[in-house]
Colleague: 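Take this structure, written in structure tokens, and hold onto it; I'll ask about it next.
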There are 2 protein chains.
Amino acid sequence: MKNKELRKVGLKVTIPRIKILGILESNPNLHLTAEEVYRALLESGEDIGLATVYRVLTQFETAGLVKRHNFEGGSAVFELDDGAHHDHIVCLECGHVEEFVDDVIENRQKAIADQHGYKITDHSLIIYGSCSRHECPHRNEEG
Amino acid sequence: MKNKELRKVGLKVTIPRIKILGILESNPNLHLTAEEVYRALLESGEDIGLATVYRVLTQFETAGLVKRHNFEGGSAVFELDDGAHHDHIVCLECGHVEEFVDDVIENRQKAIADQHGYKITDHSLIIYGSCSRHECPHRNEEG
DNA sequence: ATGTATGCAAAACATTTGCACCTGG
DNA sequence: CCAGGTGCAAATGTTTTGCATACAT
């Protein structure tokens with residue numbers, strides 16, 4: 001239940017928050033921009049302002065419900081944070097995003113941070129490429 | 001000689017380009033924002049517009065002379081591209097950046113991209129943390 | 001009731017672009 | 001000389017903020 005998730009992190013339960021959480025939950029594999037969340041809300045008939053979308057997403061990020069990523073191309077994207085860390089591989093041609101985790105890489109990162117005298121807060125690994133080998137559903141949107 | 005570098009990549013040799021290249025070369029370990037490059041130019045008495053800084057940096061990026069990174073915090077940063085790839089470890093407290101390369105990670109990335117059917121164009125690995133263990137020169141700027 | 005959240009519009013940034021002028025080859 | 005580069009200011013796109021109103025508790 002979304003109400004519980006919100007309460008748990010100390011946020012008042014409001015329509016915008018519930019709806020935005022809903023959008024993110026119903027697109028578990030997608031990485032949505034604020035604009036996309038906003039449009040999704042409009043489409044489901046909700047009258048929620050873009051500013052609120054930004055505010056709520058930022059609050060969710062602070063609360064640890066959501067992760068924000070700065071991929072190439074202007075807008076930040078948001079995805080639900082299920083607590084399980086993962087990295088991203090992004091197609092530069094169509095924007096499709098896949099996730100992965102690799103323990104070897106994770107461990108090397110810890111070692112490297114240690115070597116340099118840093119305490120890791122977080123890390124971001126993004127592989128950019130083209131997914132031409134699989135049939136990308138976004139492919140046809142261009143023409 | 002900077003003139004040669006510019007010619008080599010097919011760019012006309014102009015004052016702004018030489019100066020900007022100079023700024024980047026004299027700060028080989030720094031990752032400068034366009035704004036910082038701009039200010040450095042002003043300080044060295046050059047009257048070069050911010051728009052030109054952006055234009056030139058973008059041209060340099062296209063020409064492969066410079067790399068642009070999107071670390072956290074708004075502005076993109078630029079550094080000279082010596083051809084040798086490396087990743088970054090960034091201190092979130094003071095902004096200090098160190099570079100590293102790790103072959104194990106590099107290889108795993110190739111393997112992962114392959115597994116997912118992507119052809120790698122590029123990748124970006126940024127470790128965020130705090131460099132509290134070494135004496136960071138930026139530390140004192142806060143108070 | 002009351003403090004917080006929201007919507008709107010305006011502001012704040014980072015970056016790009018149009019255009020008249022200047023400069024390098 | 002002429003294409004291309006530059007400076008300035010204005011435009012753009014994204015994200016943030018101020019303020020009056022609406023809502024959750």
Side-chain angles (χ1 to χ4, degrees), chain A residues 1-23 31-42 44-63 65-78 95, chain B residues 1-23 31-42 44-63 65-78 95:
Chain A
M1 190 95 260
K2 301 180 213 359
N3 299 30
K4 261 211 167 142
E5 296 187 58
L6 289 172
R7 286 255 169 61
K8 205 187 306 176
V9 297
L11 289 172
K12 219 179 246 186
V13 178
T14 67
I15 310 277
R17 287 177 183 155
I18 291 172
K19 295 302 177 183
I20 290 173
L21 202 47
I23 300 283
H31 297 71
L32 303 170
T33 63
E35 185 80 32
E36 285 167 343
V37 171
Y38 174 61
R39 271 207 278 275
L41 288 167
L42 292 192
S44 54
E46 300 299 327
D47 198 10
I48 294 174
L50 181 55
T52 298
V53 174
Y54 274 105
R55 269 187 294 233
V56 169
L57 286 173
T58 302
Q59 290 158 351
F60 283 3
E61 189 193 10
T62 304
L65 292 178
V66 148
K67 276 208 165 287
R68 178 195 306 246
H69 302 285
N70 295 301
F71 297 160
E72 295 196 353
S75 315
V77 296
F78 299 82
Chain B
M1 187 98 262
K2 302 182 212 357
N3 300 29
K4 260 207 167 148
E5 296 186 59
L6 289 171
R7 285 257 168 61
K8 206 187 305 176
V9 298
L11 290 172
K12 218 180 248 188
V13 178
T14 66
I15 310 276
R17 285 177 185 155
I18 291 172
K19 295 301 178 186
I20 290 173
L21 203 47
I23 299 284
H31 297 70
L32 303 169
T33 63
E35 186 80 32
E36 285 166 343
V37 172
Y38 174 62
R39 272 207 278 275
L41 288 167
L42 292 192
S44 54
E46 299 299 328
D47 197 11
I48 295 174
L50 180 56
T52 298
V53 174
Y54 274 106
R55 268 188 295 233
V56 169
L57 286 172
T58 303
Q59 290 158 351
F60 283 4
E61 189 192 11
T62 304
L65 292 179
V66 149
K67 275 209 167 287
R68 177 195 307 245
H69 302 285
N70 296 300
F71 297 160
E72 294 195 354
S75 316
V77 296
F78 299 82

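Each chain gets a letter, A, B and so on, in the order its sequence line appears, and its residues count up from 1.
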Colleague: To the closest 0.5 Å, what do you measure between CZ (Arg55(A)) and CG (Leu50(A))?
Modeller: 10.0 Å
Colleague: Which angle, rounded to 10°, do you find between the first-five-pair axis and the last-five-pair axis of the helix from dA1(C)-dT25(D) to dG25(C)-dC1(D)?
Modeller: 30°
Colleague: Passes side chain to side chain contact (heavy atoms under 4.5 Å, CB included), Arg68(B) versus Leu57(B)? Steps please.
Modeller: CA-CA 9 Å; Arg68(B) 177 195 307 245; Leu57(B) 286 172; 5.7 Å; no
Colleague: Which heavy atom of Phe78(B) sits nearest to which heavy atom of Thr33(B), and what is that distance?
Modeller: CD1-C, 4.5 Å
Colleague: OH of Tyr38(B) versus C1' of dT15(C): gap in Å, rounded?
Modeller: 14 Å
Colleague: Could you tell me the separation between the CD atom of Glu36(B) and the P atom of dA14(C), rounded to a whole number of Å?
Modeller: 11 Å
Colleague: Heavy atoms under 4.0 Å is the rule here; annotate nucleotides 15-25 of chain D 5' to 3' with B where the base is hit, S where only the sugar-phosphate is, and - elsewhere.
Modeller: BBBB-----SS
Colleague: Provide the closest heavy-atom pair for Pro16(A) versus Ile48(A) in the form atom of the first, atom of the second, distance.
Modeller: CA-CD1, 3.5 Å
Colleague: Without decimals, in angstroms, what is the distance between Leu6(A) CG and dT6(C) P?
Modeller: 10 Å
Colleague: Whole angstroms only, please: what is the CG-C1' distance between Leu42(A) and dG7(C)?
Modeller: 13 Å
Colleague: Given atom CD of Glu72(B) and atom P of dC13(C), what is their separation to the nearest angstrom?
Modeller: 19 Å
Colleague: Mind calculating the distance between CG (Asp47(B)) and C1' (dT23(C)) to the nearest angstrom?
Modeller: 15 Å
Colleague: Rounded to the nearest 0.5 Å, what's the gap from CG on Leu42(A) to CG on Asp47(A)? Could you check?
Modeller: 7.5 Å
Colleague: Take the protein atom CZ of Arg17(B) and the nucleotide atom P of dG5(D), then report the distance between them rounded to whole Å.
Modeller: 5 Å
Colleague: Rounded to whole Å, please give me the gap between NZ in Lys19(A) and P in dT6(C).
Modeller: 14 Å
Colleague: Which residues pass the side-chain hydrogen bond (donor to acceptor under 3.5 Å, both in side chains) test with Glu5(B), sequence neighbours left out?
Modeller: none
Colleague: Using every non-hydrogen atom in the two residues, find where Ile23(A) and Ala40(A) come nearest and quote the distance to one decimal.
Modeller: CD1-CB, 3.6 Å
Colleague: Please report the closest heavy-atom contact between Lys12(B) and Arg17(B), naming both atoms and the distance.
Modeller: O-NH1, 2.9 Å
Colleague: Would you give the length of the straight line joining atom CD of Glu61(B) to atom OG1 of Thr58(B), rounded to the nearest 0.5 angstrom?
Modeller: 6.5 Å
